[in-house]
Amino acid sequence: MAPYSEPDPSGRPASPLALGVDAIRRRPGLAWLIYGLNLLVALVISIPLLVVLGNAVSESGFSEELATTFDPALWADIFTRSPDLVATMLAQLLWVVPIYLIWNVLSLTGLAHALSRGAQGSFWTGIGRYGFRAVLLGGLFLGMMLVGFVAIGLLGLAANLIFSGPAGAYWVNVALLPLLVLFVFAMLDMAHDFARIELVLGGQSVGSAWSAGFAWLVRSSRANGVYIVWMLAAIVTLFAAAGLDLRMGGLVLAFLVQQLLMLARAAVTVGWIGSEVAVWEADAQHDMPMIAEA
């Protein structure tokens, strides 16, 4: 479990963030693989939705307006004129969402294995060996995420009843609830990351990995720091791609820039998992002498 970065001239061990960046440099093919597979999955799940939306738009007579700008009023009118559109889209989401969630779990599982032992692991071996248990583990965290969001929703309803004035409603809905959603999501997402690593690298069962993942929330400040830094990097690249003006420089150029940003997002994912694996391996290496003495 030796670090997979060149030794620092000062003799100090490299930081997990540096090891995450080093993982991108050592395994650039992983970023291309994640980007390509994400693009393939996006095409598989988006084409049926685009067909449904395309039919509704073509019948609305607003095709030209929607091609040049985003107008919520026009979309509201389209949904009003096509009542079956909502039901059809919901039916599509019943299989689209599970495919996306399963692929997300499998890809991160493969990365955890690929970036272990000096970034010498195998992406596909990780998926084949641990994929099924990783999906079960992901199901546990998804259930907890849904319960957490429902609890926040109920808390929001109660807070709006208590603080019924304009100022109270503003602070509840604009400040309190978004912060609670972000906190719950980040806490469960980080616990899931390290639970997955415990499953893949630590040889833990699904239940043991689940509980060990939550232990990382309080046992390591480095783990929390790594998660926050890479999450911010992921948010920047994701929103940069989503907010790109498709009219800037022509559609083709905008598309190419968007794809470069999505490739950068895939590279951030590799660095993110690489840093978390480095934190886990450093912790495991630190515990080795105590285990040997015991």
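Because the structure is a prediction, the values reported are computed rather than measured. All residue numbers refer to positions in the sequence shown, counting from 1.
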K.L.:
Under 4.5 Å between side-chain heavy atoms, hopping through other hydrophobics if needed: is there a path connecting L137 to F185?
P.N.:
yes
K.L.:
Just by modelled atom types, is the A119 backbone N or O under 3.5 Å from a matching donor or acceptor in the R26 side chain?
P.N.:
no
K.L.:
CH2 of W230: more than 12 outside heavy atoms within 6.0 angstrom?
P.N.:
yes
K.L.:
Could you give the distance from CH2 (W272) to CG (L17), rounded to the nearest 0.5 Å?
P.N.:
12.0 Å
K.L.:
Testing the basics here: between A195 and A209, what is the closest heavy-atom pair and its distance to 0.1 Å?
P.N.:
CB-O, 3.1 Å
K.L.:
Does a side-chain heavy-atom distance below 4.5 Å link L30 with T269?
P.N.:
no
K.L.:
For the atom pair CG (L157) and CD1 (I152), what is the distance rounded to the nearest 0.5 Å?
P.N.:
12.5 Å
K.L.:
Quick one: closest heavy-atom pair of S107 and I34, and the distance?
P.N.:
CB-CD1, 4.0 Å
K.L.:
Applying salt bridge (charged side-chain N to carboxylate O under 4.0 Å, His left out) as the test, list every pair that has at least one member in residues 185-194; sequence neighbours left out.
P.N.:
D193-R196
K.L.:
Between V279, L217, V277, which is the residue that forms a side-chain contact (heavy atoms from CB on, under 4.5 Å) with F194?
P.N.:
V279
K.L.:
What is the minimum heavy-atom distance between A31 and A266, and which atoms define it?
P.N.:
O-CB, 3.4 Å
K.L.:
What pairs meet the side chain to side chain donor-acceptor pair (under 3.5 Å) rule with one or both residues in residues 146-162, with sequence neighbours excluded?
P.N.:
N160-N173
K.L.:
Does either side chain, that of E198 or that of W216, offer a donor lying less than 3.5 Å from an acceptor on the other one?
P.N.:
yes
K.L.:
Between A278 and L19, what is the shortest heavy-atom contact and its length?
P.N.:
CB-CD1, 3.4 Å
K.L.:
Please tell me if the side chains of W124 and L33 come closer than 4.5 Å, counting only heavy atoms from C-beta onward.
P.N.:
yes
K.L.:
Could you check L140, I197, V105 and say which one makes a side-chain contact (heavy atoms from CB on, under 4.5 Å) with H192?
P.N.:
V105
K.L.:
Are L108 and I235 co-members of a hydrophobic cluster defined by side-chain heavy atoms under 4.5 Å apart?
P.N.:
yes
K.L.:
Looking only at heavy atoms, what is the nearest atom pair of R27 and G121, with distance?
P.N.:
NH1-O, 3.2 Å
K.L.:
If you group Ile, Leu, Val, Met, Phe, Trp and Tyr by side-chain heavy-atom gaps below 4.5 Å, do L188 and F183 land in one group?
P.N.:
yes
K.L.:
Does F214 belong to the same Ile/Leu/Val/Met/Phe/Trp/Tyr cluster as V147, with side-chain heavy atoms less than 4.5 Å apart forming each link?
P.N.:
no
K.L.:
Considering only distance and modelled atom types, tabulate donor-acceptor pairs under 3.5 Å from the side chains of residues 199-208, sequence neighbours left out.
P.N.:
residue: S205; atom: OG; partner: S208; partner atom: N; Å: 3.2
residue: S205; atom: OG; partner: S208; partner atom: OG; Å: 3.1

K.L.:
Hey, quick one: are F149 and F141 part of the same hydrophobic cluster, counting side-chain heavy atoms closer than 4.5 Å, chains of contacts allowed?
P.N.:
yes
K.L.:
Using only atom types and a distance under 3.5 Å, with no angle test, would you say the side chain of S275 pairs donor to acceptor with the backbone of P16?
P.N.:
yes
K.L.:
Which heavy-atom pair separates V172 from A159 by the least distance, and what is that distance?
P.N.:
CG1-CB, 3.7 Å
K.L.:
Working to the nearest 0.5 angstrom, can you tell me the gap between L263 CG and Q259 CD?
P.N.:
9.0 Å
K.L.:
Decide whether E276 and W280 meet the rule of one side-chain donor and one side-chain acceptor closer than 3.5 Å.
P.N.:
no
K.L.:
Would you please indicate if the ring centroids of F163 and Y170 are separated by under 6.0 Å?
P.N.:
no
K.L.:
Could you tell me the separation between the CG atom of L261 and the CG atom of L256, rounded to the nearest 0.5 Å?
P.N.:
11.0 Å
K.L.:
For the atom pair CE (M262) and OG1 (T237), what is the distance rounded to the nearest 0.5 Å?
P.N.:
7.5 Å
K.L.:
Indicate yes or no: at least one non-hydrogen side-chain atom of L176 is less than 4.5 angstrom from one of W171.
P.N.:
no
K.L.:
Determine whether D283 and R219 satisfy the following criterion, side-chain contact (heavy atoms from CB on, under 4.5 Å), listing intermediate values before the conclusion.
P.N.:
CA-CA 10 Å; D283 186 81; R219 71 181 289 184; 2.6 Å; yes
K.L.:
Can you measure from OG (S116) to CG (L111) and round to the nearest 0.5 angstrom?
P.N.:
11.0 Å
